[in-house]
Amino acid sequence: MNIKSFLGAKAYFIKMVLWISMAILILVVVLSTVVYINSQNLLVKNEYAANQKILFQVKYNMSFMDQTITNLSKFLYLNSDVTAIMYAKNEDMIEVSRHLTKVVSSVTSAIPYIHSVGIYNRNLDQTYSSGFPLFFKDQMLYEFINSDQALPKLKPIFRDIKKLVNGVTEPEYVFSYFIYETLSSGAKPDGVVVINVKPEWLLENIKQINMIDKQKGDNVFILDQAGEYLDDGTNDPAIKNWLKTDFLANKTAHPQAERDGFFQSKRGGTQYLVTYTNVDNTGMTLLKTQPVLEIYKYINSLRTSIIIITLIFLVMALVISISISRKIYRPFGKLVNSIMLDRIRRSDKDDVVDEISYLNTVYRQSMEMLDHFDKEKVQYKDVMKHYWLSRLITESLSIGRAELESIFKEMRISLVRDASFAICLLKIDNYKEFQHAFHAKDKDTIRFAMINIASEIMAKKYPNEGLDMKDDHVVLIVSIPEEDEHFQSHIHALIKEAQENVSRFFKISFTASISEKTSHIQELNSMYNQALDQAMYRLLLGHSSVITYETIKKNVESKKTGYSRNYEEWLVEAMKLSKTEAKEEVLGNIFEEVGTLNYHNALVSIIRLVDKVIETLEEMKVTTAPSLHISSISRNILEMETIAEIHQIIVGALQDSFKKDFQGHTTKLNYFLVDAVTEYIQNHYQDPSLSLTSIASIMKISTRNLSKTYKEATHISIPDYINEFRLTKAADLLIQDDLSVYEIAEKVGILNETYFFSMFKKKYKVTPKEYALRRNMINLIQ
């Protein structure tokens, strides 16, 4: 076996291994991913919590500093040395120096991070500073005094007060606290105390708490109320601009966010974790930046462990899936191998894609073979069943009980072996018209439908078998229980129901003949002949009748050989006297008497009556109507199925014979001409030029006379008959030949395809293609 065949034979097993392995692997990967992501999130949250602790410590220190300076400011504002300087009316530098020295010594000894203390005297419009120089002019303070600007009271303001070193002005950053009082709104204070605090203590405090390793990228920044940075020695303005921009963007994007939180931001390809908190009483914001990779370095070992575990599970998944797949696949594989070995022994070559498709192919082929065998078997049994049923009713078979039971069982004949039997013969009415109206396949279909409908309805009460005798009748062999003495009346009701259904679906009628019952199956032939004989009495009882021996008993046992001679004499007299009503009354009485005779005497009486009518017309020198010509009696009278039809023909013929314009114009209803025209149409329907005019030209008769004669005789015009015959032939060709619709139309002499479609749909209520499809479907079902 080559590689392709081997892989095909094991393809489903390989799929099982792969699917189970993939399922386990996907489960492990998903769980590992969840663990890894949760670990990352947990680590970030823990790192945020640690950062928050640092920032909260700084925040606490800042709050503590703020509270301390606030208290100190209040203390100094009320201090006597300060008030002496702040409210002095005259400037005494010795007193100012003395008071200022006492203030500075007491403050700086208690709080070492105090930068300087400034006192503003409005009376003298002079500011005195404990720092250098003594007379320091505070720009912010003077702008407040000399303008309408508001100056925050006891709020830290981070600012550059600038200092002069060796004639050069250098920046000097401090936190400034202002304290003052005004007597009314909008008034300027008489004095102001300014305490300046060194910021270095705060930044150093931050470094000590955080123990920041700047080599790893950690930084802490402070933003004041105006969003400006407090200098912490970070001299990279790009970092400050990025952080400030992203922080403000985060606040704008999350206006409902808490005052403390964190977010991630990217700078220069590096992801940073930014933790922030607000110092409410100072209005400042603390920011701490930390590279995310520095945070995740602790999870690298976990990621490596997860990858190793995943690889281990992958190997285990393969081992487990192979083990599970083998156990599941073992019986399945044995089945496939045994089928493949058997197919090889039978030299069947199959293209193996996988086991499932292979089994599906083998199953489909096997079912096709079984279906073929079943069809052959059913067809064989149907043929044999029809053969044995035909022999039972057409021959007087002498078959032993055991052999008969074997035949019934093998042929699946549903008749009850130990019951009595009767024959129910169903004879199609107006059989001649039936022959002309339907083509061969339709006739077979209708006979088959008659058997099915009647058999199903009969099966409500009696088991039965149907049989098509391939003539004008079909037969039902009915099993009758021994104790059922009124079976004929029961069958009569069931047959009437069947007649209604057949008439409704197929627009035809049939006459039924029910035989007596027999307990010997060998006598079915006699019962069949009895039913045939009884069916002839349709002549007297009419179409759609149900005939039993009881219904015709009086006719069969009648001793009369014909109708009364008196009626014949009265008819001759009425004819000679041209009394129309008398003629019709006498004919009615004659046919009423004929209806009481047996079949043979009735037939002889009809011939006798026709002979007497012709003889009387000849004596009267009246031209006989074509329907009463000797040559047409067999066609127009004896082929009629009921005496009611014969009665109408004779009455009509007498009326035609006695018409004044009938004498000397027999060509009007010349039935020989009608037959010749019909035969000519049937032989030349393929000729596109076939028409009333062409036929009249050949017959050497005017088109008017030909048209009138033909229509009076057949009740259909010549063009209509041509079209009807062509469409009938076209319907046969649609089923039998593999031709296009145009080719079929051309074959039946119609060159205009649109005209053909229109006529065909008008007649059959469907298009030619739909008609062919429906007929083929019916044939397939049968």
Side-chain angles (χ1 to χ4, degrees), residues 33-34 36-63 65-66 152 155-160 173 175 199 202-203 205-300:
T33 304
V34 171
Y36 183 74
I37 293 172
N38 286 340
S39 300
Q40 281 185 329
N41 294 335
L42 182 61
L43 185 61
V44 171
K45 288 181 180 179
N46 289 338
E47 193 66 23
Y48 163 69
N51 292 339
Q52 283 290 74
K53 287 180 181 179
I54 294 170
L55 295 181
F56 283 165
Q57 184 62 47
V58 175
K59 180 178 178 180
Y60 172 78
N61 291 345
M62 290 180 68
S63 298
M65 179 202 74
D66 178 69
K155 292 291 182 182
I157 300 172
F158 184 69
R159 60 181 181 142
D160 181 8
Y173 293 100
F175 289 106
L202 179 60
L203 300 176
N205 181 265
I206 291 171
K207 292 177 183 179
Q208 291 298 323
I209 293 173
N210 190 38
M211 293 182 292
I212 295 173
D213 186 356
K214 292 199 174 184
Q215 297 297 325
K216 296 180 180 179
D218 286 8
N219 282 296
V220 175
F221 300 90
I222 302 176
L223 291 175
D224 65 5
Q225 301 96 321
E228 298 299 329
Y229 282 100
L230 274 67
D231 192 1
D232 64 343
T234 303
N235 296 318
D236 189 350
I239 293 177
K240 293 182 176 181
N241 290 334
W242 156 73
L243 181 60
K244 182 177 179 180
T245 301
D246 282 18
F247 174 65
L248 293 176
N250 183 71
K251 285 182 66 178
T252 304
H254 303 87
Q256 303 300 325
E258 296 180 0
R259 298 176 63 81
D260 302 324
F262 70 95
F263 63 93
Q264 291 192 24
S265 181
K266 196 170 187 179
R267 176 182 177 272
T270 303
Q271 194 79 10
Y272 286 88
L273 175 68
V274 180
T275 307
Y276 61 89
T277 186
N278 289 288
V279 185
D280 296 331
N281 53 348
T282 64
M284 296 184 186
T285 302
L286 299 175
L287 297 163
K288 184 176 185 295
T289 62
Q290 185 177 16
V292 174
L293 289 177
E294 288 296 318
I295 302 171
Y296 288 166
K297 70 179 183 180
Y298 304 107
I299 205 170
N300 287 339

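Taken from CG in Asp246 to CG in Leu287, the straight-line distance is 11.0 Å, to the nearest 0.5 Å. To the nearest 0.5 angstrom, Tyr276 atom OH is 5.5 Å from Asn250 atom CG.
The ring-ring contact (aromatic ring centres under 6.0 Å, His included) search around Phe263 returns none, not counting sequence neighbours.
Residues Phe247 and Thr285 have side chains in contact (heavy-atom distance under 4.5 Å, counting atoms from C-beta outward).
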